[in-house]
2 protein chains.
Amino acid sequence: MNITLDDIARRAGVSRATASRVINNHPHVNPAVRERVWQAIRETNYQPNLPARSLASRRSQVIGIIIPQSIHTLFADPYFPLLIEGIAHVCNERQFSIMLDLATTTDGDPYRHLGRRGFLEGAIVASAVEDQFLLQWLAQETIPVVSVGRIMSQQAIPYVDVNNRHGARMLVEHLLGQGYRRIATITGPMNIVAGRDRFAGYSDALYAAGLPVMPELVVEGNFSEQSGFSAMQTLLRLVPIPDAVFAASDMMALGALKALRAAGLSVPGDIGLAGFDDIPLAAAMTPALTTVRQPIGELGQTAARLLLDRLVTAPLAPVTQRVMLPTELVIRDSCVRQR
Amino acid sequence: MNITLDDIARRAGVSRATASRVINNHPHVNPAVRERVWQAIRETNYQPNLPARSLASRRSQVIGIIIPQSIHTLFADPYFPLLIEGIAHVCNERQFSIMLDLATTTDGDPYRHLGRRGFLEGAIVASAVEDQFLLQWLAQETIPVVSVGRIMSQQAIPYVDVNNRHGARMLVEHLLGQGYRRIATITGPMNIVAGRDRFAGYSDALYAAGLPVMPELVVEGNFSEQSGFSAMQTLLRLVPIPDAVFAASDMMALGALKALRAAGLSVPGDIGLAGFDDIPLAAAMTPALTTVRQPIGELGQTAARLLLDRLVTAPLAPVTQRVMLPTELVIRDSCVRQR
DNA sequence: CAAAACCGTGAAAGCGCTTTCAGGGTGAAG
DNA sequence: CTTCACCCTGAAAGCGCTTTCACGGTTTTG
């Protein structure tokens with residue numbers, strides 16, 4: 001069978017307790033004994049049994065990444081991989097493991113691990129969407145949680161977010177600086193904070209320039225290419241059409257671009273276009289898309305640090321840490337005012 | 001504290017053994033008793049402790065997805081998310097969980113879970129790269145493993161792969177059909193099977209057409225955009241330059257396209273270009289890229305099924321199942337022979 | 001020099017579950 | 001009416017580890 005701690009203890013001529021102390025780096029062990037134990041471990045290639053350890057210590061060294069159903073259709077976006085990689089980086093450093101909890105539609109309870117006991121020490125909720133089950137769970141949770149992006153209806157949850165509002169404002173101000181005046185926006189879903197904040201940034205910029213927010217220039221999308229396409233078609237029915245469009249995601253900008261092409265309009269010749277996210281595709285498009293870059297990897301790293309720090313120090317303290325990461329304006333070719 | 005199985009048993013007026021039987025759906029329990037236990041569980045909102053269960057049953061219901069260091073720089077590709085989503089789909093159906101094991105550079109042992117006892121019931125190795133540690137581990141492994149993509153040096157590992165060779169051949173034959181004759185290729189890394197197979201398909205097509213494989217028309221890349229860019233620069237130094245280029249990944253095709261643009265050449269006007277993978281970007285590029293589509297989600301699902309079936313039935317049997325999934329030629333605008 | 005503090009160690013009691021074993025009941029078979 | 005098979009249930013023995021507690025020995029303190 002497998003080698004157990006007992007085997008190690010026997011081999012090193014100590015008790016199981018001492019062997020355990022050595023493995024867990026506890027103080028108060030004679031250096032000579034310590035070395036004997038390590039040697040036994042090396043010789044036998046011993047690996048501790050994780051479930052046994054978790055059971056006894058009540059610590060699993062595992063955190064979950066919760067990705068709600070409603071958004072993991074966007075999983076193909078580079079957003080999640082980069083986020084997860086950021087999280088993994090920190091977790092690896094600190095000897096933590098990552099459980100992936102992609103919500104599923106197949107059974108009643110969409111999350112496999114939420115609420116299961118003793119398995120997850122903490123969780124990172126990826127992308128602050130308002131999901132029925134998730135909110136319900138969060139409301140009565142027993143393990144520490146950090147959210148990536150704010151969840152408005154859950155005030156008490158620590159989060160790390162990107163400054164969507166400021167990023168959008170900078171972008172629209174750039175548009176204004178180019179001389180555009182009739183600027184439309186294709187927003188994200190207004191039931192998630194990122195959608196609302198980016199719209200708020202758009203409003204801020206117009207307001208600061210003394211321009212009104214015209215309702216007919218605001219169309220709601222859902223971050224997908226398809227929704228960008230339809231929204232653009234709607235906008236094209238206006239007379240006159242907008243002179244520039246700020247899409248709240250690059251994918252929507254891509255959809256908008258396709259609609260514009262289909263209508264025989266050129267970008268930026270006939271109309272300016274800008275996005276948000278700076279996915280790789282943004283740079284590859286023709287014309288290359290002006291957009292706002294989010295530090296996604298950093299977002300993940302920060303979330304992981306927040307969570308792990310909390311696990312190590314004060315798991316139960318009602319911490320309400322908030323971190324806001326800056327965005328960066330990426331100017332390319334899609335909204336240059338021609339003269 | 002937390003509710004345990006003991007509480008449930010007491011509440012339902014049965015022994016712990018019986019309560020356990022109910023939860024695990026064992027036969028030979030009186031229906032009335034069964035209902036009493038379920039009711040107690042409902043009333044208390046009991047959730048079993050996973051580590052305890054794993055320890056006692058020696059089954060964790062967790063599988064690992066192993067992503068080697070050398071490739072998770074490519075993690076931003078849509079490849080991994082889609083693959084993982086496919087795996088997750090099957091795992092959710094069968095009540096299994098997913099541990100993500102992104103190899104790390106921070107410490108000596110790059111994988112956190114490989115070899116840890118009692119935690120992983122099985123593992124899926126994503127993308128069959130030849131990684132030192134991984135191979136060493138695979139060679140002496142105790143849990144079932146399924147590989148996505150063949151690992152040439154490990155013959156005994158079941159795998160599911162895409163028919164890279166055939167896909168590449170079909171694509172190059174399409175190029176030949178368009179009238180291209182001086183077709184170059186930017187290959188993937190030749191130390192991984194996908195790289196070699198796609199090159200083999202390229203050779204097959206040329207061979208079948210009675211054309212030689214010219215060494216100067218073959219440049220090795222590593223699937224990244226950057227490597228495609230450099231490789232194309234190399235190819236552009238040839239006289240005459242190739243009349244078409246088959247890049248073994250869409251990202252490399254994108255890099256190549258940029259190099260061509262920088263050189264003032266138009267695609268497909270001056271030179272044809274094709275890729276492999278059919279990532280979303282391929283359709284969004286200008287010109288839209290002709291490429292080969294892999295059924296990535298299906299790849300993940302199949303791998304998961306293979307593994308889970310094996311876990312349930314014969315964990316130790318030296319199964320050597322192989323599944324080969326077909327690819328699909330996606331013809332767009334980047335390699336149309338002008339007359 | 002007595003008292004107190006500290007160090008290194010082992011025994012033993014769990015952590016919360018599964019599973020084997022045995023036994024009592026019931027109905028069918030002989 | 002006995003025997004056997006079968007169903008249902010509980011007692012108890014772990015699964016492999018951590019951690020508390022106690023104890024003897026050594027050092028420090030007043």
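Chain naming here is simple, since letters A, B, ... match the order of the sequence lines and numbering starts at 1 in each.
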Roughly how many Å is it from [atom1] in [X] to [atom2] in [N], rounded to a whole number?
X: A:Asn25; N: D:dT19; atom1: CG; atom2: C1'; answer: 16 Å
X: B:Leu50; N: C:dG16; atom1: CG; atom2: C1'; answer: 11 Å
X: A:Ile3; N: D:dG16; atom1: CD1; atom2: P; answer: 12 Å
X: A:Leu5; N: D:dG16; atom1: CG; atom2: P; answer: 11 Å
X: B:Ile41; N: C:dC17; atom1: CD1; atom2: C1'; answer: 13 Å
X: A:Gln47; N: D:dG16; atom1: CD; atom2: P; answer: 15 Å
X: B:Asp6; N: C:dC15; atom1: CG; atom2: C1'; answer: 12 Å
X: B:Leu55; N: D:dA13; atom1: CG; atom2: C1'; answer: 13 Å

Between the protein and nucleotides 4-7 of chain C, list the N/O to N/O atom pairs that are separated by less than 3.5 angstrom.
none

Between A:Glu43 and A:Gln39, a side-chain donor and acceptor under 3.5 Å: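 The answer is yes; a qualifying pair exists.
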Closest listed nucleotide, where the reference is the side chain of [X] and the choices are [options]:
X: B:Ala52; options: D:dC17, C:dC17, C:dT19; answer: C:dC17
X: A:Pro48; options: C:dC17, C:dT18, D:dC17; answer: D:dC17
X: A:Thr4; options: D:dG16, C:dC17, D:dT19; answer: D:dG16
X: B:Val33; options: D:dT9, C:dT9, D:dC17; answer: D:dT9

Heavy-atom distance under 4.5 Å between the side chains of [X] and [Y], does that happen here?
X: A:Leu325; Y: A:Val160; result: yes
X: A:Ser54; Y: A:Arg59; result: no
X: A:Ile87; Y: A:Ile65; result: yes
X: A:Asp161; Y: A:Val323; result: no
X: A:Val148; Y: A:Val125; result: no
X: B:Ser20; Y: B:Asn24; result: yes
X: A:Leu307; Y: A:Val90; result: no
X: B:Asn25; Y: B:Arg34; result: yes

Side-chain N,O ([X]) to OP1/OP2 ([N]) below 4.0 Å:
X: A:Asn24; N: D:dT18; result: yes
X: B:Asn49; N: C:dC15; result: no
X: A:Tyr46; N: D:dC17; result: yes
X: A:Arg58; N: C:dC15; result: no

Flag, side chain of A:Arg16 to backbone of A:Asp6, donor-acceptor distance under 3.5 Å: no
Under a 3.5 Å distance rule, please check whether B:Glu121 uses its side chain to pair with a backbone N or O of B:Gln61 as donor and acceptor.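 Between the backbone of B:Gln61 and the side chain of B:Glu121 there is a qualifying donor-acceptor contact (under 3.5 Å).
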Angle separating the five-pair end axes of the helix from C:dC1-D:dG30 to C:dG30-D:dC1, nearest 10°, is 30°
Ring-face cation of A:Arg322 near A:Tyr159 (centre distance under 6.0 Å, axis angle within 45°): no
Going by heavy atoms closer than 4.0 Å, what residues in residues 14-21 of chain B are next to DNA chain D?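 Contacting residues: B:Val14, B:Ser15, B:Arg16, B:Ala17, B:Thr18, B:Arg21.
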